[in-house]
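Here is the structure we will look at, set down as structure tokens.
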Amino acid sequence: MAANEPPKPADFIREIITEDIETKKYESRVHTRFPPEPNGYLHIGHAKSICLNFGIARDFNGQCNLRFDDTNPTKEEVEYVESIKEDVRWLGFDWDDRLFYASDYFEQLYQYAVLLIRKGKAYVCDLTPDEIREYRGTLTEPGKNSPYRGRSVEENLDLLSRMRAGEFENGSRTLRAKIDMSSGNINMRDPVMFRVLRAEHHRTGDKWCIYPMYDYAHCVSDSLEGITHSLCTLEFEDHRPLYDWFLNELGIYHPRQIEFARLNLSNTVLSKRKLIQLVRDGSVSGWDDPRMPTIAGIRRRGYTPESVRNFCDRIGVAKRDSTVDIALLEYCVREDLNKRVPRVMAVLRPLKVVIDNYPEDLLEELDAVNNPEDPSMGTRKVPFSRVLYIEKDDFREDPPKQFFRLAPGREVRLRYAYYITCVGVIKDERTAEVTELRCTYDPKTRGGDSPDGRKVKATLHWVSAGHSREAEVRLYDHLILEAGPGEEREGRDFKDLLNPNSLELLESCRIEPGLGAALPGGRYQFERLGYFCVDPDSTPEKLVFNRTATLRDTWAKIEKGKKK
RNA sequence: UGGGGAGUCGUCCAAUGGCAGGACGGCAGACUCUGGAUCUGCUUAUAGGGGUUCGAAUCCUCUCUCCCCAGCCA
């Protein structure tokens, strides 16, 4: 598409923006912002918002700011600020020099508050938090006016400056907008603008004793930055009248707030409260545990930024509550990795195989294709010898009907190597566990093709016992067992739904020798198993891999279906 | 029961008065030196009732269901 061609609207927000451009609203500018509160790590739900905001700026030749909504120092930390910046960058977006903080605007917010007091539109209220709640009324009953609502402009001004100066205790006084205590919209019942809060702010230190509330700070921040379209999630729909009220009363530049549905993902929790709980109680190893739906977790899990962006494009943007099947996310990462990562052979649960008729001291280097999807990735040599490992799952002494793999008397192909036939099974005398297989190979099938054209029904991956290296592999599964978003039914905590088998540790896996040089972050397909990446815990002495995603597994599906 | 929203395949998103379509999932098949990938086919939806119209997912109307709001959180 040509750069100047207007993009076709792909969702209702882009439709609105397209129309605003046509009608020359905001001088046809497009300026969005991504406004996280630095009180936790970003997750896949934020990725949706990031892709939306930065994506719209890109599509319409506009700009997108990164703005930290840091108005509550009791919950916010620099650690979160840094992680958020890293995650947005990793996703592939750039805010150039437009990094802002709501705390940049504290002084301006204060001055605007003074203006509202002068207009008789704000007042200092001495009600306690409990009293404010009582006066607010309920969903069905109107509230009543605060007894302090009628204070003079002078008294309000004096009190506000003394709030700022730190003369009053936390929670003792607030500055409130004077709107309508009987409004059906509870947000309009004289909402708090500033609260007394003596807390160390990660950027402004102890300079302020009062901090602005979201509703007041957000619209003014948007206005100050010249935002045109302020995109937020559905729960802020009720707040839009207040957003508009502040800006109208202040008489300043007025962006438009548009709400869209937040992302819900099956088998996942996406609430900051729950995620922080998992981190704090040790249910996961940290914010970047590969099972976490955080950007940091997804990254460590081996997802690519491209696959996450693609996912965000595919799920669309709309106003109805929805829960996306996590299978779509998994599809996106497989699709991407399939095309780009090298294949390699690794045996997760090794079963020893001795090729009886293969010479003791022979070592062959066989050619293996690095990526059948991309010939330009070339080939490599893998060593073959008399003693090998194959996957335990690839052998059944008593094979069920649809099991095509190795069994006594059966011939299969070892990928890129030879046809082998199982001629003996050695078991542990006490446990009856199969510990070793004796096989013969057909020398004429070198490379994996038989000159006589006979077929085998299975191709197995393998490694040479003497040449392979040991590795630790971490297998991950969904953190949450249930698909639905409303995990909390009567009397149940979401933690009851945690999958007890979300992590399986395999410490004695065998990988082909070429993988010895794998560096953290490196991604591979272990043939027939899935996509794996090297974990940061990995060292040259001890390689550690994370399973990013399994391959689609028809056999597993058949087996699972049978059990039912 | 106040205010604000939303109802389309199992799931997500389209269709903006004119043949309800795509993706994921599922099922079947083709192909395959990965039971992978790829390809093909199938599957299934307009919450309900009235109305307007030649024609309604779309407009009107009544009903039903679901979500959000009573923080000095965002």
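Bear in mind the structure is a predicted one, so any value in this text is a computation, not a measurement. In what follows, chains are A, B, ... by sequence order, proteins preceding strands, each numbered from 1.
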Exercise. Using a cut-off of less than 4.0 Å, is there contact between a side-chain N or O of A:S322 and OP1 or OP2 of B:C13?
Worked result: yes
Seminar exercise, completed: A:H239 has its side chain closest, among B:A74, B:U34, B:G25, to B:A74
Exercise. What does A:R413 touch in the nucleic acid at a heavy-atom separation under 4.0 angstrom: a base, only the sugar-phosphate, or nothing?
Worked result: base
For this session: Give the intermediate values and the outcome of salt bridge (charged side-chain N to carboxylate O under 4.0 Å, His left out) for residues A:E306 and A:R340.
Result: CA-CA 11 Å; A:E306 290 83 356; A:R340 59 202 282 184; 3.3 Å; yes
For this session: May I ask you to say what A:F236 touches in the nucleic acid, namely base, sugar-phosphate or nothing, with a heavy-atom cut-off under 4.0 Å?
Result: base
Exercise. Just how far, in rounded Å, is P of B:C69 from CG of A:D180?
Worked result: 21 Å
For this session: Could you check how far NZ of A:K75 sits from P of B:C72, rounded to whole Å?
Result: 12 Å
Exercise. Nearest to the side chain of A:P129 - B:C72, B:C69, B:G3?
Worked result: B:C72
For this session: Could you please name the option among B:G35, B:A70, B:U34 that lies closest to any side-chain atom of A:P372?
Result: B:U34
For this session: Assess A:R67 against A:F100: is NZ or CZ under 6.0 Å from the centre of the six-membered ring, and within 45 degrees of the ring's axis?
Result: no
Exercise. Quick one: on RNA chain B, does A:N187 or A:K557 contact a more 5' nucleotide (nearest heavy atom)?
Worked result: A:K557
For this session: Determine whether the side chains of A:S230 and A:R33 contain a donor N or O and an acceptor N or O closer than 3.5 Å.
Result: yes
Exercise. Which glycosidic conformation, syn or anti, is assigned to B:G10 if syn requires a torsion within 90° of zero?
Worked result: anti
Exercise. Phosphate oxygens OP1/OP2 of B:C73: is one of them under 4.0 Å from a side-chain N or O of A:T74?
Worked result: no
Exercise. Which part of the nucleic acid does A:V456 contact within heavy-atom distance under 4.0 Å: base, sugar-phosphate only, or nothing?
Worked result: nothing
Exercise. Quick one: does NZ or CZ of A:R510 land under 6.0 Å from the six-membered ring centre of A:Y389, within 45 degrees of the ring axis?
Worked result: no
For this session: Assign A:Y331 to base, sugar-phosphate, or nothing according to its heavy-atom contacts below 4.0 angstrom with the strands shown.
Result: sugar-phosphate
Exercise. Within the structure, does a side-chain N or O atom of A:R552 lie under 4.0 Å from either OP1 or OP2 of B:A37?
Worked result: yes
Exercise. So what does A:Q402 touch, heavy atoms closer than 4.0 Å: a base, only the sugar-phosphate, or nothing?
Worked result: base
For this session: Just compare B:U34, B:C73, B:C69 and give me whichever is closest to any side-chain atom of A:D238.
Result: B:C69
Problem set entry | Pairing of A:R396 and A:E559 as salt bridge, 4.0 angstrom limit | yes
For this session: Please determine if a side-chain N or O atom of A:R343 lies less than 4.0 Å away from the OP1 or OP2 oxygen of B:U34.
Result: no
For this session: Please confirm whether A:F68 and A:Y101 have ring centers closer than 6.0 angstrom.
Result: yes
Problem set entry | Proximity to the side chain of A:Q525 - top-ranked nucleotide from B:C12, B:U34, B:A74 | B:U34
Exercise. Between A:D190 and A:R149, is there a side-chain N and carboxylate O pair less than 4.0 Å apart?
Worked result: yes
For this session: Report which part of the nucleic acid A:E15 touches: base, sugar-phosphate, or nothing (heavy-atom distance under 4.0 Å, all strands).
Result: base
For this session: Describe the nucleic acid contact of A:L551 in one word from base, sugar-phosphate, nothing, applying a heavy-atom distance below 4.0 Å.
Result: base
Exercise. So, is the end of the A:R164 side chain (NZ or CZ) under 6.0 Å from the ring centre of A:Y110 and within 45° of the ring's axis?
Worked result: yes
Problem set entry | d(CD1, A:I315; C1', B:G22) in whole Å | 16 Å
Exercise. Would you say B:A74 has OP1 or OP2 under 4.0 Å from some side-chain N or O of A:T71?
Worked result: yes
Seminar exercise, completed: Of the candidates B:A37, B:U34, B:G71, the side chain of A:R136 sits closest to B:G71
Problem set entry | A:E76 side chain to A:N39 side chain, donor-acceptor N/O pair below 3.5 angstrom | no
For this session: Report which part of the nucleic acid A:Y416 touches: base, sugar-phosphate, or nothing (heavy-atom distance under 4.0 Å, all strands).
Result: base
For this session: Whole angstrom is fine here: how far is it from CG in A:D325 over to P in B:G10?
Result: 14 Å
For this session: Indicate, with a heavy-atom threshold strictly under 4.0 Å, whether A:F311 touches base, sugar-phosphate, or nothing.
Result: nothing
Exercise. Below 4.0 angstrom from OP1 or OP2 of B:A74, is there any side-chain N or O of A:R195?
Worked result: yes
For this session: Give one of base, sugar-phosphate or nothing for A:M188, where a contact means two heavy atoms less than 4.0 Å apart.
Result: nothing
Problem set entry | Quiz item: A:R334 side-chain donor-acceptor pair to B:G36 base, under 3.5 Å | no
Exercise. Within the structure shown, what part of the strands sits under 4.0 Å from A:T174 by heavy-atom distance: base, sugar-phosphate, or nothing?
Worked result: base
For this session: Check whether the side chain of A:E373 and the base of B:U38 form a donor-acceptor pair under 3.5 Å.
Result: no
For this session: Among B:C73, B:A70, B:G35, find the nucleotide with the atom closest to the side chain of A:D553.
Result: B:G35
For this session: Using a heavy-atom cut-off of under 4.0 Å over every strand shown, decide if A:L127 touches base, sugar-phosphate, or nothing.
Result: base
Exercise. NA contact type, A:R189, heavy-atom cut-off 4.0 Å: base, sugar-phosphate, or nothing?
Worked result: nothing
Exercise. For B:G71, does either OP1 or OP2 sit under 4.0 Å from a side-chain N or O belonging to A:R133?
Worked result: yes
Seminar exercise, completed: Quick note, A:R415 side chain, CB onward, closest among B:C72, B:G35, B:U34 is B:U34
For this session: Answer whether the closest heavy-atom distance between the side chains of A:L52 and A:R14 falls below 4.5 Å.
Result: yes
For this session: Please check the phosphate of B:C73 (OP1 and OP2 only) for any side-chain N or O of A:Y214 closer than 4.0 Å.
Result: no
Exercise. Have A:Y531 and A:Q525 got a donor and an acceptor in their side chains that come within less than 3.5 Å?
Worked result: yes
Exercise. For B:C73, does either OP1 or OP2 sit under 4.0 Å from a side-chain N or O belonging to A:R273?
Worked result: no
Problem set entry | Out of B:C72, B:A6, B:C24, whichever nucleotide has its closest atom nearest the side chain of A:I132 | B:C72
Seminar exercise, completed: Ranking B:C12, B:A70, B:C13 by distance to the side chain of A:R320, first place goes to B:C13
Problem set entry | Canonical and wobble pairing (Watson-Crick, G-U, under 3.5 Å) of RNA chain B, dot-bracket with | | .((((((..((((....[..))))((((((.......))))))...(((((..]....))))))))))).....
Problem set entry | Sugar-phosphate, base or nothing in reach of A:L139, heavy atoms under 4.0 Å | base
